[in-house]
Amino acid sequence: MLDRQQLLSLIDEMAASHKASAGQISALLSCEDEEVINYLFSQALAVKEAVFGRDIYIRAIIEFSNVCRCACRYCGINRENQNIIRYQMPAGEILGLAYAAIDAGYQTIVLQSGEDLSYTREMLGAVIRKIKAYAPAVAVTLSVGERPYGDYAHWRVCGADRYLIKHETADVALYEKLHPGHSLEKRLDCQQHLQALGYEMGSGFMVGLPGQTMEMLAEDILLLQKMQVAMAGIGPFIPHPDTSLAGAAKGDIALTNRVLAITRLLLPTVHLPATTALTVQGGRAEALAAGADVIMQKATPAEKQRLYEIYPRPVKEEYSLKEKRQLLVTQLKSLGYMGI
Ligand code: 5AD
């Protein structure tokens, strides 16, 4: 057990060297001492500000299909769930939403779906090309799961800039339990393929998965470092009632914020979204204060957002995309940030 003084010096060391062992990380994660935690957050904020200043990056996400071939046990849109209506947007609808988001001022468009192979290499390639033709300076991020190398290569040629594919958990046994028929090794191969193709690759994981320990979380953070990820989506696990994990406990918000802060200390230049899973439960301001620098806003129409229920969350859509972005910019301004 490290005492308060040792933990405070450890934070200084991590902020200066961006290095820590798994043992040191889990000691900090387990710490409930408010003085230590506040210091951790203040140092994470200082590291973030040294890299990004007060800028917060705003992205638009289009959830274009909730059809999925996977059976991930935590996920509400897994193929076993018979209780949801499945939808698949035609290319024209995806493009309409993307153009509207660009017109509303968003600089990054994230295209996300379940692992839906009916969107072929060529179909998605054509969508990417059209978005890039409409707005060459806008970044296109894909998040459509594990696909053959040739698909990734084609989409890169079409202009895709970034790809999100989380490792979800770095523990091999837990990974296999949660992802029937899938392996962590295959996941990491996909991540490497994407990086080799020149994508900015985003990973991430969930906090509070059933059976997860502090040591596993430390390994999750170290894996991000090892893979040199450009982005990391880190959010609390939220049990979905239509999954086999319905009765499991929720991930802890305070712990998730500590994970964010430590990630910021160890990977100073990484983009860290204040994930939706985190902000529907905890505060957005807290996540930003713990080192997050990205906010994703849904550009999916409300009725489809409700069907894209990875985990339960309220969907209320009272504003247009433009108003939503403006409200966020105003809110960020009141917190001393500049939304871009
Ligand atoms: N709780 C929290 N996050 C979840 N995700 C999937 N299911 C859940 C859940 N029940 C996250 C995963 C996935 C991303 C799209 O959402 O990390 O990569």
Side-chain angles (χ1 to χ4, degrees), residues 59 61-81 83-84 110-116 141-147 162-171 174-175 177-180 182 184 186-188 190-191 194 201-212 216-217 220-221 223-224 227 229 231-253 255-257 259-260 263 272-282 287 292 294 296-298 300 304-305 307-315:
R59 330 274 203 212
I61 177 163
I62 300 168
E63 298 145 320
F64 64 87
S65 161
N66 67 352
V67 171
C68 192
R69 63 170 164 162
C70 299
C72 307
R73 294 198 35 210
Y74 45 79
C75 182
I77 65 167
N78 83 75
R79 67 167 187 240
E80 314 288 350
N81 186 2
N83 282 340
I84 51 169
V110 183
L111 300 178
Q112 191 180 75
S113 68
E115 284 202 11
D116 182 351
T141 304
L142 298 177
S143 178
V144 302
E146 294 180 12
R147 301 278 293 227
R162 307 179 185 145
Y163 203 103
L164 306 178
I165 182 161
K166 304 189 192 184
H167 72 253
E168 312 292 5
T169 172
D171 185 82
L174 184 58
Y175 190 96
K177 212 159 147 186
L178 294 174
H179 306 99
H182 285 251
L184 181 60
K186 171 86 195 300
R187 196 73 171 179
L188 300 182
C190 286
Q191 292 189 338
L194 290 159
M201 189 276 287
S203 182
F205 54 90
M206 280 168 282
V207 177
L209 288 166
Q212 192 180 46
M216 291 179 195
L217 283 172
D220 279 318
I221 298 172
L223 182 56
L224 298 178
M227 298 299 294
V229 306
M231 296 167 275
I234 300 169
F237 161 67
I238 303 173
H240 189 291
D242 295 326
T243 64
S244 57
L245 298 178
K250 273 186 190 170
D252 186 75
I253 301 305
L255 174 60
T256 308
N257 283 328
V259 173
L260 276 184
T263 304
L272 288 180
T275 53
T276 315
L278 185 54
T279 53
V280 293
Q281 300 227 66
V294 170
M296 296 210 192
Q297 289 196 304
K298 311 265 183 202
T300 315
K304 287 188 175 115
Q305 273 186 53
L307 301 176
Y308 198 85
E309 196 186 63
I310 292 174
Y311 45 81
R313 59 186 162 82
V315 177

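Here the structure is a predicted model, which is why all the values come from computation and not from measurement. Numbering of ligands and ligand atoms starts at 1, following listing order.
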Legend entry - Verdict with reasoning, Leu245 to Leu209, per side chain to side chain contact (heavy atoms under 4.5 Å, CB included): CA-CA 9 Å; Leu245 298 178; Leu209 288 166; 5.6 Å; no
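- In Pro236, the part holding a heavy atom less than 4.0 Å from any atom of ligand 1 is the backbone.
- Between the side chains of Tyr308 and Gln112, at least one donor N or O lies within less than 3.5 Å of an accepting N or O.
- Considering backbone and side-chain N/O atoms, Cys75 never comes within less than 3.5 Å of an N/O atom of ligand 1.
- For atom 14 (C) of ligand 1, the closest non-hydrogen atom of the protein is Lys166 NZ, 4.0 Å.
- With ligand atoms numbered from 1 in the order given, ligand 1 contributes 4 (C), 5 (N), 6 (C), 7 (N), 8 (C), 10 (N), 15 (C), 16 (O) to contacts under 4.0 Å with heavy atoms of Ile310.
- Applying the 4.0 Å criterion to heavy atoms of Tyr74 picks out, from ligand 1, the atoms 6 (C), 7 (N), 8 (C), 9 (C), 10 (N).
- Proximity of a side-chain donor or acceptor of Glu63 to a complementary backbone N or O of Leu307 within less than 3.5 Å is not detected.
- A donor-acceptor contact shorter than 3.5 Å is absent between the side chain of Thr169 and the backbone of Tyr175.
- At a heavy-atom distance under 4.0 Å, no atom of His240 approaches ligand 1.
- Donor-acceptor pairing under 3.5 Å is recorded for the side chains of Ser203 and Gln191.
- When Met206, His167, Arg73 are checked for heavy-atom proximity to atom 11 (C) of ligand 1, Met206 turns out nearest.
- For Glu168, a nitrogen or oxygen atom sits less than 3.5 Å from a nitrogen or oxygen atom of ligand 1, counting backbone and side chain alike.
- Proximity of the aromatic rings of Tyr311 and His240 is defined here by a centroid distance below 6.0 angstrom, and this criterion is not met.
- When only non-hydrogen protein atoms are considered, atom 1 (N) of ligand 1 lies nearest to Ile238 N, 2.9 Å.
- Using the six-membered ring where Trp is involved, His167 and Phe205 have ring planes that are parallel, under 30° apart on the 30 and 60° scheme.
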